[in-house]
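Position 1 is the first residue of the sequence, and the numbers go up from there.
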Amino acid sequence: MDGYQAIKHILQLGSRHPLQVAWVRVGVGIWLLCLTAILYGSGHGGQWGWLLVVGSAVHFGLAYRLFRIAAKNAERRITLG
């Protein structure tokens with residue numbers, strides 16, 4: 001067993017379905033932005049609210065990488081027809 005297998009699985013770099021995981025990450029990023037807007041709109045955002053924006057940016061960045069991985073893997077597949 002590879003010692004780095006757990007790290008690869010957490011980051012989804014070795015995922016068999018990177019496209020689906022990327023869409024989930026986009027959804028989580030949108031949810032975090034909506035939650036930030038709701039909290040700031042109600043006056044309860046505070047200083048820590050920016051952490052939600054940073055968290056959503058991380059999710060969007062990882063989703064972008066996964067979309068690129070999915071596109072690269074799609075080129076290697078053999079299609080019939």
Side-chain angles (χ1 to χ4, degrees):
M1 183 169 168
D2 186 10
Y4 295 103
Q5 184 177 6
I7 294 171
K8 289 179 185 176
H9 192 21
I10 289 172
L11 295 176
Q12 299 298 331
L13 296 176
S15 175
R16 294 182 185 171
H17 307 287
L19 191 60
Q20 290 84 358
V21 174
W23 282 114
V24 170
R25 287 197 178 272
V26 168
V28 169
I30 290 171
W31 166 247
L32 288 174
L33 288 178
C34 291
L35 185 62
T36 304
I38 291 168
L39 288 174
Y40 273 108
S42 65
H44 297 290
Q47 299 260 341
W48 59 270
W50 288 103
L51 291 175
L52 295 174
V53 175
V54 171
S56 66
V58 168
H59 276 284
F60 288 135
L62 290 174
Y64 173 74
R65 288 183 63 195
L66 286 172
F67 280 128
R68 291 187 62 190
I69 289 170
K72 189 186 321 181
N73 289 342
E75 292 172 357
R76 294 184 199 163
R77 292 185 186 141
I78 298 173
T79 58
L80 299 174

With a 3.5 Å cut-off and sequence neighbours excluded, list the donor-acceptor pairs that the side chains of residues 30-37 form with protein atoms.
unit_1 : atom_1 : unit_2 : atom_2 : d
Thr36  : OG1    : Leu32  : O      : 2.8

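Take Phe67 and apply the ring-ring contact (aromatic ring centres under 6.0 Å, His included) test, not counting sequence neighbours, and it matches Trp23.
Of all non-hydrogen atoms in Val26 and Ala63, the two that sit nearest each other are CG2-CB, 3.7 Å.
Pairs engaging residues 49-61 under the side-chain hydrogen bond (donor to acceptor under 3.5 Å, both in side chains) rule: Arg25-His59, Tyr40-Trp50 [sequence neighbours left out].
At least one side-chain heavy atom of Leu39 sits less than 4.5 Å from a side-chain heavy atom of Leu52.
Linking ILVMFWY residues whenever their side-chain heavy atoms come closer than 4.5 Å, directly or via other members, places Val21 and Ile69 in the same cluster.
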